[in-house]
Enquirer: 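If you scroll down you'll find the structure; I have some questions about it.
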Amino acid sequence: MTANGLLQITLYFIALLLFAKPLGVYMAAVYENRPVFLSRILAPLAAGLYRLSGVNPEQEMGWKSYAAALLWFNLFGGLAVFALQILQAYLPLNPQRMANVTVDSAFNTAVSFATNTNWQGYSGETTMSYLTQMLGLSVQNFVSAATGMAVLVAMIRGFQRAHADGIGNFWADLTRGTLYILLPLSFLFALVLVGQGVVQTFKPYQTVPLVEQGRVGNAVLPTIAEPSVVGHEKHVPNLPSTQTLAVGSAASQIAIKQLGTNGGGFFNANSAHPFENPTPLSNFLEMLLLILIPAALCHTFGTMVGDPRQGWAILSAMTLVLVSLLFVTVGFEQDGNPVLTTLGVEQSVSVDQSGGNMEGKETRFGIVNSTIWATATTAASNGSVNSMHDSYTPLGGLIPMWLIQLGEVIFGGVGSGLYGMLIFVLIAVFVAGLMIGRTPEYLGKKIEAFEIKMAAIVILIPAFFILGGTALAVMVEAGKTAVANPGAHGFSEILYAFSSAAGNNGSAFAGLSANSPFYNIALGITMLFGRYGIIIPVLAIAGSLAAKKTVPTTVGTLPTHTPLFVMLLIGTVVLVGALTFVPALALGPVVEHLIMSAATK
């Protein structure tokens with residue numbers, strides 16, 4: 001790795017940790033309903049929304065009522081997105097006259113955005129109208145993110161409270177997360193992105209003259225066309241002189257897609273597209289937003305439970321895993337493809353090139369910025385990309401896939417990442433309790449059979465749908481015909497697709513033609529269980545913990561803020577991920593790497 005690359009990585013994590021704490025403390029104040037600097041402006045608006053919807057924000061909900069409200073809200077949100085897609089040809093704000101979306105694709109997209117996955121089997125600029133993008137997809141970017149944050153806050157209240165029947169009010173938590181956190185931050189960053197050149201307009205797509213009149217793609221055409229003779233007449237071929245540029249209200253969607261760990265691109269190329277990510281500054285800011293709120297929520301957790309050390313411990317575990325895997329990915333990508341080396345291709349770093357494996361990467365970003373984004377977006381369940389993961393080296397592509405398979409708990413989605421990591425914390429203290437012969441405790445709450453059973457469900461559901469879905473896809477004809485790359489890499493593409501869906505990530509090894517009825521339905525079902533099959537057990541744990549008494553700390557209580565516990569937590573996450581998915585990974589990326597290595601001999 002070059003000194004420049006090391007500097008970029010260092011600056012990235014310094015900026016992340018610098019901004020995470022103040023934001024985390026602010027979010028704790030929001031969810032504890034304490035006054036914040038925006039209260040004077042937003043409190044009357046929130047009160048008006050509560051009156052309009054008939055909600056009493058002070059009314060406590062048990063975990064079942066909380067879950068029911070969440071599920072109904074998400075169901076109606078998904079149905080609204082589905083309806084917008086299948087009716088968009090008849091609705092306004094459709095200057096390109098986009099046709100109605102097919103039913104299977106509309107189902108997949110509605111589920112995808114409602115579950116905070118943002119898997120996209122379609123190309124945004126050729127499929128979705130402006131209205132669908134704004135009223136459907138962007139709205140879900142806000143409320144799906146706020147839903148995940150609400151579940152986390154409900155779980156934190158389970159640790160805070162004793163002998164309590166309620167874990168908060170879903171409608172109040174949803175409103176606070178949207179109004180006080182996501183909307184102000186998105187508005188601010190959307191303005192910054194517009195200033196950097198990200199498009200934001202309602203105008204139709206723009207037709208502009210070609211910069212080089214005699215060039216179409218990579219084909220150079222004669223500047224002066226040679227006439228051809230047909231019959232007795234001379235015909236001069238019509239050379240293209242213009243191109244159509246897709247535009248739209250992109251900046252407002254890009255801001256929340258990054259902040260809310262949504263990831264769905266306004267354009268098909270996502271954040272590799274210059275209209276989504278035009279400058280080095282926009283690239284750095286978007287990378288920062290990928291995991292800013294997940295990192296800040298660790299401080300929110302520590303503040304709300306009254307022990308900031310607990311938040312630092314979890315944040316440390318997340319950061320150590322991400323940094324370690326980032327350096328591994330950079331190493332594999334910087335080494336390049338050994339087969340090309342045997343053919344005489346120069347892949348070393350020089351003043352003229354980034355070196356390494358640059359296939360599928362923007363030359364303006366290079367290896368390091370591409371791999372920071374690839375690891376951060378898969379660690380954070382964001383799924384946006386500024387390079388194509390399908391073009392990474394076999395082991396370089398394995399790391400982003402494995403980060404998803406770890407459960408999206410290394411930072412993870414907003415809210416969902418931390419409540420997923422807290423599940424692993426409960427497993428870690430349970431294992432430690434077994435080793436020392438004590439009933440496991442965490443933050444003064446005894447961790448008993450019910451919590452461990454629910455935690456086991458949280459861990460097993462994604463694994464079942466990832467491995468089961470992949471197995472089904474490689475057995476049925478509809479699954480195999482979508483694979484353009486046979487062999488180990490084709491298997492990796494399928495495995496990545498189901499990992500991404502179950503982990504609510506949304507990125508892809510895009511060589512898989514997934515916009516088909518089979519994959520739209522199979523991945524849609526996987527996304528539903530990967531989201532709500534986790535949320536319900538987590539809320540059940542929250543309700544169980546809130547009802548328990550708080551036990552005092554004694555000399556025999558396991559400290560959960562020490563470096564030793566951080567290592568135990570990392571070991572628990574890595575061990576579960578390795579035991580579950582290494583056999584499947586061995587059939588895909590590992591075999592592909594061995595084949596590539598053998599080709600050099």
Enquirer: Does Asn277 form a side chain to side chain contact (heavy atoms under 4.5 Å, CB included) with His273? I'd like the steps, not just the answer.
Expert: CA-CA 6 Å; Asn277 187 11; His273 197 294; over 6 Å; no
Enquirer: Can you check whether Val36's main-chain N or O pairs, donor with acceptor, with Ser39's side chain at less than 3.5 Å?
Expert: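 Yes, Ser39 side chain to Val36 backbone: donor-acceptor pair under 3.5 Å.
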Enquirer: Checking side-chain polar atoms at under 3.5 Å, does Trp373 have a donor or acceptor matched by the opposite partner on Ser384?
Expert: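 Per modelled atom types, Trp373 and Ser384 side chains form a pair under 3.5 Å.
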Enquirer: If you define the side chain from C-beta out and look only at heavy atoms, does anything of Asn369 sit under 4.5 Å from Tyr12?
Expert: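 In short, these two side chains do not touch, never coming nearer than 4.5 Å.
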Enquirer: Is there a donor-acceptor contact under 3.5 Å from the side chain of Ser138 to the main chain of Gln133?
Expert: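 Yes, because the side chain of Ser138 sits within donor-acceptor range (under 3.5 Å) of the backbone of Gln133.
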Enquirer: Under 30°, 30 to 60°, or over 60°: which ring-plane class applies to Phe170 and Tyr66, parallel, tilted or perpendicular?
Expert: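 Judged by the thresholds at 30° and 60°, the geometry between Phe170 and Tyr66 is perpendicular.
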Enquirer: My understanding is that only one of Val111, Thr117, Thr526, Thr147 makes a side-chain contact (heavy atoms from CB on, under 4.5 Å) with Arg531; could you say which?
Expert: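 With Arg531 as partner, side-chain contact (heavy atoms from CB on, under 4.5 Å) holds for just one option, Thr147.
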Enquirer: Looking at side-chain heavy atoms only, is the closest gap between Asn270 and Glu276 below 4.5 Å?
Expert: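 Heavy-atom side-chain distance check passes, below 4.5 Å.
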Enquirer: Would the Tyr442 and Phe159 ring centres measure less than 6.0 Å apart?
Expert: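 Yes, close enough.
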Enquirer: Is there a side-chain contact between Asn169 and Glu60, using heavy atoms and a 4.5 Å cut-off?
Expert: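 When only atoms from C-beta onward are counted, Glu60 and Asn169 do not touch, as no gap falls below 4.5 Å.
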Enquirer: Locate the shortest heavy-atom distance separating Pro400 from Ala374; write the atom from each residue and the value.
Expert: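 Closest approach of Pro400 to Ala374, heavy atoms only: CB-O, 4.1 Å.
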Enquirer: Quiz question: by atom type and distance under 3.5 Å, do the side chains of Thr279 and Gln196 form a donor-acceptor pair?
Expert: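 Checked: Thr279/Gln196 side chains pair up, N/O donor to acceptor below 3.5 Å.
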Enquirer: Does one side chain, of Asn504 or Ser416, offer a donor that lies under 3.5 Å from an acceptor on the other?
Expert: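 Asn504 vs Ser416: no donor-acceptor pair found between side chains.
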Enquirer: Kindly indicate whether the side chain of Gln258, heavy atoms from C-beta on, has any atom under 4.5 Å from the side chain of Ser271.
Expert: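 Yes, close enough: below the 4.5 Å cut-off.
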Enquirer: Looking only at heavy atoms, what is the nearest atom pair of Leu406 and Gly577, with distance?
Expert: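 Shortest heavy-atom separation between Leu406 and Gly577 comes out as CD2-CA, 3.8 Å.
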Enquirer: Using a 4.5 Å cut-off on heavy atoms from C-beta on, say whether the side chain of Tyr392 contacts that of Thr329.
Expert: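 Yes; the side chains approach each other to less than 4.5 Å.
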Enquirer: Would you say Glu333's side chain and Gly356's backbone share a donor-acceptor pair under 3.5 angstrom?
Expert: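 Looks like no, no N/O pair under 3.5 Å.
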Enquirer: Walk me through whether Ile427 and Ile459 qualify under side chain to side chain contact (heavy atoms under 4.5 Å, CB included).
Expert: CA-CA 10 Å; Ile427 296 294; Ile459 292 172; 4.0 Å; yes
Enquirer: Can you tell me how far the CG atom of Leu320 sits from the CG atom of Leu315, to the nearest 0.5 Å?
Expert: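 Taking CG in Leu320 and CG in Leu315, the distance rounds to 9.5 Å.
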Enquirer: Set out, in order, the CA-CA distance, both residues' side-chain angles and the distance that settles ring-ring contact (aromatic ring centres under 6.0 Å, His included) for Phe37 and Tyr26, then state yes or no.
Expert: CA-CA 9 Å; Phe37 70 96; Tyr26 168 79; 5.7 Å; yes
Enquirer: Let me confirm one number: the CG-CG distance from Leu398 to Leu403, rounded to the nearest 0.5 Å.
Expert: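 That separation rounds to 9.5 Å.
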Enquirer: Please round to the nearest 0.5 Å and tell me the distance separating atom CZ of Phe13 and atom CG of Leu18.
Expert: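 These two atoms lie 14.5 Å from each other.
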Enquirer: How many angstroms lie between atom CE of Met149 and atom OG of Ser144, to the nearest 0.5 angstrom?
Expert: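 So the gap between those two atoms works out to 11.0 Å.
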Enquirer: So do the side chains of Leu495 and Leu585 get within less than 4.5 Å of each other, counting heavy atoms only?
Expert: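 Answer yes - side chains close enough.
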Enquirer: Begin with the C-alpha distance, continue with both residues' side-chain angles, and end with the deciding distance and a verdict on side chain to side chain contact (heavy atoms under 4.5 Å, CB included) for Glu286 and Leu290.
Expert: CA-CA 6 Å; Glu286 289 185 38; Leu290 289 175; 6.0 Å; no
Enquirer: Does some side-chain heavy atom of Leu183 sit less than 4.5 Å from a side-chain heavy atom of Leu179?
Expert: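 Counting from C-beta outward, Leu179 and Leu183 do come under 4.5 Å.
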Enquirer: Okay, side chain of Thr572, backbone of Ala428: is any donor-acceptor separation there less than 3.5 Å?
Expert: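 No, because the side chain of Thr572 does not come within donor-acceptor range (under 3.5 Å) of the backbone of Ala428.
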Enquirer: Under a 3.5 Å cutoff, is there a donor and acceptor pairing between the side chains of Asn382 and Asn505?
Expert: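 Looking only at side-chain atoms, Asn505 and Asn382 do not form any donor-acceptor pair under 3.5 Å.
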Enquirer: What are the two closest non-hydrogen atoms of His299 and Gly24, and how far apart are they?
Expert: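 Where His299 meets Gly24 most closely, the heavy atoms are CB-CA, 4.0 Å.
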Enquirer: With the side chain counted from C-beta on, respond yes when Cys298 and Phe411 share a heavy-atom pair under 4.5 Å apart, and no when they do not.
Expert: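 With C-beta onward as the side chain, the pair stays apart.
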Enquirer: For Lys361 and Asn357, indicate whether the former's side chain and the latter's backbone hold a donor-acceptor pair under 3.5 Å.
Expert: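 Pair found, side chain donor or acceptor close to backbone of Asn357.
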Enquirer: When you measure from the side chain of Gln200 to the backbone of Val194, do you find a donor-acceptor pair of N or O atoms at a distance under 3.5 Å?
Expert: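 No: the side chain of Gln200 does not pair with the backbone of Val194.
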Enquirer: Between Thr261 and Gly413, what is the shortest heavy-atom contact and its length?
Expert: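 What the structure gives for the nearest pair is OG1-CA, 3.3 Å.
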Enquirer: Looking at Thr557 and Thr553, would you say the former's side chain and the latter's main chain have a donor-acceptor pair under 3.5 Å?
Expert: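 No.
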Enquirer: Between Arg176 and Glu32 (salt bridge meaning N to carboxylate O under 4.0 Å), is one present in this structure?
Expert: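 A salt bridge is absent here (no side-chain N lies under 4.0 Å from a carboxylate O).
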Enquirer: Does Arg34 have more than 12 heavy atoms from other residues, nucleotides or ligands lying within 6.0 Å of its CZ?
Expert: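 Buried by this count: over 12 neighbours within 6.0 Å.
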Enquirer: Please round to the nearest 0.5 Å and tell me the distance separating atom CE of Met27 and atom CG of Leu182.
Expert: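 So the CE of Met27 and the CG of Leu182 are separated by 9.0 Å.
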Enquirer: For the backbone of His561 and the side chain of Arg309, can you confirm whether one donor and one acceptor N or O come within less than 3.5 Å of each other?
Expert: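 Judged by distance alone, no pair lies under 3.5 Å.
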Enquirer: Let me see the working for Asn74 and Tyr532 under side chain to side chain donor-acceptor pair (under 3.5 Å), right down to the final yes or no.
Expert: CA-CA 10 Å; Asn74 280 254; Tyr532 305 111; 2.9 Å; yes
Enquirer: Return the minimal non-hydrogen interatomic distance between Ile291 and Ala380, and the atom names on each side.
Expert: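 Smallest interatomic distance, heavy atoms only, reads CG2-CB, 3.3 Å.
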Enquirer: Short question: side chain of Gln405, backbone of Ser499 - any donor-acceptor pair under 3.5 Å?
Expert: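 Not confirmed, Gln405 side chain does not pair with Ser499 backbone.
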Enquirer: Does the pair Lys548 and Glu451 meet the rule for a side chain to side chain contact (heavy atoms under 4.5 Å, CB included), with working shown?
Expert: CA-CA 12 Å; Lys548 293 183 178 185; Glu451 288 80 28; 2.9 Å; yes
Enquirer: Identify the two heavy atoms, one from Phe275 and one from Val198, that lie closest to each other, and give their separation to 0.1 Å.
Expert: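 Closest heavy-atom pair between Phe275 and Val198: O-CG1, 3.1 Å.
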Enquirer: Measure from the side-chain N and O atoms of Lys445 to the backbone N and O of Arg161, and report whether any donor-acceptor pair falls under 3.5 Å.
Expert: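 The answer is yes, because a donor-acceptor pair under 3.5 Å joins these two groups.
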Enquirer: Measuring from Thr377:OG1 to His389:NE2, what's the distance to the nearest 0.5 Å?
Expert: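 Going from the OG1 atom of Thr377 to the NE2 atom of His389 covers 6.0 Å.
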Enquirer: Cation-pi between Lys257 and Phe266: NZ/CZ under 6.0 Å from ring centre and within 45° of the ring axis?
Expert: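 Geometry flag: not set, cation outside 6.0 Å or 45°.
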Enquirer: Should we say atom CG of Leu564 is surrounded by more than 12 heavy atoms from elsewhere, each under 6.0 Å from it?
Expert: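 No - once you tally the heavy atoms of other residues, nucleotides and ligands closer than 6.0 Å, there are 12 at most.
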Enquirer: For the residue pair Gln310 and Thr560, confirm or rule out a side-chain donor-acceptor distance under 3.5 Å.
Expert: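 There is such a pair between these side chains.
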